[in-house]
Each structure stands twice: as structure tokens, then as C-alpha cells.
Amino acid sequence: TQDIWSSPRFMLVPLLDQHAGYADEEGRLHQDGVDALHRERLFLMWVPKDLGGLELKPVGAPEGLCIVSYGSASAGWVLGGAVELPVTTKPVPTTPAGVNAAFESIAKPATSGPVTVNGEGAKATLTPEVTATALTFEPGTDGGLNPKLDTAKVIEALQPQLAETEQPGKDATVVLEGGRPVVKASVDGRGVDWDKSLGGLLDVLKSTDARTIDATYTHQPAKFTTEQANKLGITEVVSEFTTRGFASDSGVNIRAIANEVNGALVKPGETFSLNGHTGPRGVPQGYIEAGIIESGRPGRAVGGGCSQFATTLFNASYFAGMTDVEHREHSYFISRYPEAREATVFQSPGGASIIDVKFRNDSPSGVLIQTIWTPTDVTVRFWSTTHYKVDSVTGARSDFTEPNTVTIPPGEPCSATNGAQGFRVSNTRVISDIRTGRELKRNSRTAVYNPLPKVICEPPPPGIPPPTG
């Protein structure tokens with residue numbers, strides 16, 4: 001947009017809009033609008049500057065007219081007028097003869113039949129239909145067309161046919177065996193080098209004879225090698241945290257999420273996301289309906305209990321010295337969790353992340369996450385190399401808020417509670433170098449917990465049994 005439309009002329013829009021009805025009824029612009037357009041010289045928008053006009057260029061003026069028209073379509077029509085645009089001619093880069101030559105010498109033979117790709121112990125066929133979608137043309141010199149081959153489409157068609165001739169590589173892994181971390185060696189692979197294999201395909205397609213090419217194979221090293229795994233320094237337990245006291249249905253979900261996280265590897269510099277690692281946590285993934293706290297009252301939802309695992313994971317990362325990237329405390333204090341040092345997680349019904357637990361491994365060593373579930377507790381253990389000493393200091397509660405009372409009428413599910421005060425509390429984490437004792441980092445976080453409402457269940461009228469729930 002030209003500079004004129006970034007000026008105070010934008011302020012014309014409300015004025016023009018104010019009098020838009022007048023223009024519709026009277027068939028002419030309101031005088032206040034006419035005066036404003038004159039004042040801003042918009043009636044001279046096409047007049048050269050040396051004659052006192054604005055001398056707008058055709059490229060930016062239409063956008064400005066749209067802005068004026070937003071305030072008053074009549075004003076935009078009055079200002080519009082006729083615009084003569086410059087016209088230039090550009091010769092067509094191709095000629096009928098050049099296009100015909102490309103069709104006869106390239107397109108026609110390319111789709112005349114299949115091309116056979118000889119692999120080691122198997123063959124693949126490139127069909128004319130795939131060739132037709134992968135072969136395109138662009139203008140060349142002297143009126144002709146130059147062929148272009150979308151090799152990604154060709155590989156997509158050929159690779160599954162030669163998959164059995166390839167030996168895929170395997171990255172090194174770190175696992176727990178006999179209660180200790182063990183590195184499982186990487187294995188290099190051998191597969192088709194598609195760049196080399198398809199290098200001469202275009203020339204083959206131009207011919208109707210000898211429509212075969214030989215696949216070229218190459219060594220494919222593992223992306224994460226045994227040497228790299230050994231250098232991660234995963235040798236000892238650097239932190240561990242346990243939470244207890246969950247219902248059996250919540251325990252099903254806690255076990256499911258713990259199983260998904262068990263064995264996760266977080267390399268130096270990587271960020272771990274709980275929601276990102278597990279993906280959706282719904283019924284298809286083995287999660288069930290269990291207890292939650294909803295608006296301060298007991299409720300139920302699929303995945304209930306996962307926040308207990310989130311708190312356990314967060315505290316293990318806290319005491320391992322991981323960098324807190326994202327977490328959120330519960331709205332209501334839950335007594336089995338440490339104050340201002342707990343976390344909840346939440347996903348949309350479709351599995352999109354809404355509240356997450358994320359931490360970054362800023363240490364020079366890798367981290368292997370181990371989870372241990374029992375019917376009564378869940379433990380998260382971080383294996384790595386100890387670099388930090390972590391101290392946690394929780395302050396006194398303050399700014400207490402009293403609970404309100406919620407009365408549930410007869411006939412509705414109800415669980416009576418005495419309620420609890422809300423309060424504010426802070427926690428400070430101090431991270432020191434394990435070797436020198438030098439303080440490296442000190443972070444404080446304040447949590448504000450809402451008061452837990454007092455719930456009163458009204459008794460049913462005489463002779464009507466109370467609802468269950």
C-alpha cells in the first residue's frame with residue numbers, strides 16, 4: 001500500500017461510515033464527507049504533483065479506494081473514476097514447433113511403456129501412468145520445452161518394490177537390563193542410492209528400446225551410532241520421585257502413560273514433551289474414564305489420573321536439574337502433591353496438546369527415563385551422569401481465600417466435601433555444581449490455588465432414594 005494510505009487519511013473511514021446512510025437516501029455525499037475528502041486532496045488523487053495533486057500510481061490506489069469504500073461505498077465510487085493501466089507485450093517463450101518436438105521426442109516415448117529397474121534379487125516396474133505424473137516441462141530456449149522429472153514420485157512408486165533387497169540400518173539404543181543401563185549396538189544398513197540409480201532415467205525414457213536401468217546400492221550408516229550412545233554418559237540414577245494414593249481406575253491410566261514414557265531417551269539439548277511423546281490419550285490408546293477435579297468438584301473423564309504421572313515426571317526432571325520449559329499447576333491444591341511443585345496435563349478431545357509438561361536437557365549427558373508402576377504408587381527415575389546438586393525450598397502459605405458453598409439439588413449426583421482454603425505459595429529451586437558447590441541457577445515460582453468449594457448435597461424428599469454418584 002502506498003504511503004498515502006498509512007497516513008491520518010485512515011481517520012476518514014469512521015466519518016464516511018457515519019454518513020453512509022445519508023448518501024444512500026439522498027443520492028449524494030454528505031457535505032462533511034465532501035469537505036473531508038477535499039481537505040485530504042483525495043479528489044486530486046490522479047492529478048500530477050506539479051499541479052497540486054497526489055499523483056497516485058495504479059498499483060496502490062485500488063487498495064486505498066477499498067479502504068475508503070469500507071467507510072462509504074458511495075465515496076469510493078465517486079473517487080474511483082477510470083484508470084488507464086499501462087500495457088506491455090511479452091513474446092510467448094515457446095513455439096508450436098518446439099512444443100510438438102518435445103511431445104514427439106520426449107513425452108510420447110516416455111509414456112510408451114514401462115521401465116524395468118533391476119535390483120539385487122528383485123525387479124521394480126515404473127509404469128507409464130507414474131511416468132506421466134512425474135514428467136513435466138518448462139520453457140527452454142529457441143521455443144522448445146525442457147523436461148523435468150519429479151524423482152520423489154518415481155521413488156515413491158519404486159521403493160516398495162525393492163524394499164526386500166535392502167537391509168535397513170538400526171540405530172543404537174540405551175535400555176535397562178539387570179537394573180543397569182546397557183547400550184545396544186547400532187547396525188549399518190545397505191540400500192538403494194536413488195540419486196545414482198535414477199541419474200540416467202530421463203535418457204532411458206526418451207527411447208522406446210532398452211527400457212531398463214540397474215539399481216545402485218550403497219552403504220547406509222546408522223543415524224545414531226554405538227559410539228554416540230556410549231558418549232551420552234548414562235550410568236547412574238540422578239533423580240527419582242514417587243507419588244501414591246490413586247484410585248484403581250486412575251491407576252489404569254497412570255500405568256498406560258507410564259508405559260509409554262518408560263525408556264524415553266532425551267539427548268543433550270533436546271526438549272521432552274509429555275503430550276508430544278504420548279500423542280493422543282483416548283480410549284483407542286487404552287485409557288479409560290476415571291476421576292478428575294472439575295470446577296472444584298469431583299468429576300470423571302477419559303484419561304483421569306494422568307496428571308498424577310505428570311506431577312511425578314515433573315519432580316523427577318526438577319531434581320535432575322532439567323530446564324523447565326512448560327508446566328502448569330493444578331487450579332486446586334491436592335494434598336498428595338508438593339506445594340508449588342506439581343503439574344497437570346490436558347488434551348482436547350481430539351488429542352491436541354493444551355496443557356503440557358516440557359523440560360529441556362541442558363546437561364552434557366543424555367537422560368534415560370525409567371518408570372515403575374505398582375497398584376499403589378508410580379515412580380519416575382532419571383538415569384544420566386550427576387552434574388548438579390538440587391535444593392528445593394518451599395515458602396509459607398499466604399493470601400488465604402475462603403471457599404464458597406455449592407448446594408447440589410436432589411436428584412443430581414453429589415459428593416459432599418468440607419471445602420478447603422485457597423492460598424498462595426512459592427517454591428525456589430537452587431541448582432549447584434556437584435563438584436565445586438558453586439551455585440549455577442536459582443529460580444522461584446509462585447502458585448495460587450483456588451479455594452475448594454464446600455459441597456452440600458440436599459437430601460431427597462421423603463420416600464425418594466438418593467442418587468448414586
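- Under a cut-off of 6.0 angstrom, the local environment of CZ in Arg211 is crowded, with over 12 non-hydrogen atoms contributed by other residues, nucleotides or ligands.
- Defined by atom type and a distance below 3.5 Å, a donor-acceptor pair is present between the side-chain atoms of Arg281 and Asn275.
- Between Asn118 and Lys123, the closest heavy-atom pair is OD1-CE, 3.3 Å.
- The two residues Pro403 and Lys454 come nearest to each other via the heavy atoms CB-N, 4.3 Å.
- Of the N and O atoms on the side chains of Gln370 and Trp383, at least one donor lies less than 3.5 Å from an acceptor on the other residue.
- With no hydrogens or angles considered, a side-chain donor-acceptor pair links Thr312 and Thr243 at under 3.5 Å.
- Between Leu162 and Ala215, the shortest heavy-atom contact is CD1-CB, 4.3 Å.
- Tyr318 carries Arg429 over the face of its six-membered ring, with the cationic atom under 6.0 Å from the centre and within 45° of the normal.
- Listed by chain and residue number, Glu177 satisfy the side-chain hydrogen bond (donor to acceptor under 3.5 Å, both in side chains) test with Lys184 (two or more places apart in sequence, or in another chain).
- A cation-pi arrangement is found for Lys267 relative to Phe224, the charged atom lying closer than 6.0 Å to the ring centre and inside a 45° cone about the ring normal.
- The side chain to side chain donor-acceptor pair (under 3.5 Å) with Ser392 is formed by just one residue from the set Asn315, Asn427, Thr428; it is Asn427.
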Decide yes or no on side-chain contact (heavy atoms from CB on, under 4.5 Å) for Cys414 and Val455, but give the supporting numbers first.
CA-CA 8 Å; Cys414 181; Val455 179; 3.8 Å; yes
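- Shown here are the ring-ring contact (aromatic ring centres under 6.0 Å, His included) partners of Tyr449, two or more places apart in sequence or in another chain: Phe333, Phe423.
- More than 12 heavy atoms of other residues, nucleotides or ligands lie within 6.0 Å of CD in Glu458, so this atom counts as buried by the packing criterion.
- Between His277 and the options Phe272, Phe359, Phe309, a ring pair (Phe, Tyr, Trp, His ring centres under 6.0 Å) holds for only Phe272.
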One pair to check against side-chain contact (heavy atoms from CB on, under 4.5 Å): Glu289 and Asp249. What are the steps and the verdict?
CA-CA 7 Å; Glu289 189 177 87; Asp249 50 4; over 6 Å; no
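- Here the options are Arg445, Arg341, Arg424, the test is salt bridge (charged side-chain N to carboxylate O under 4.0 Å, His left out), and the partner is Glu329; only Arg445 passes.
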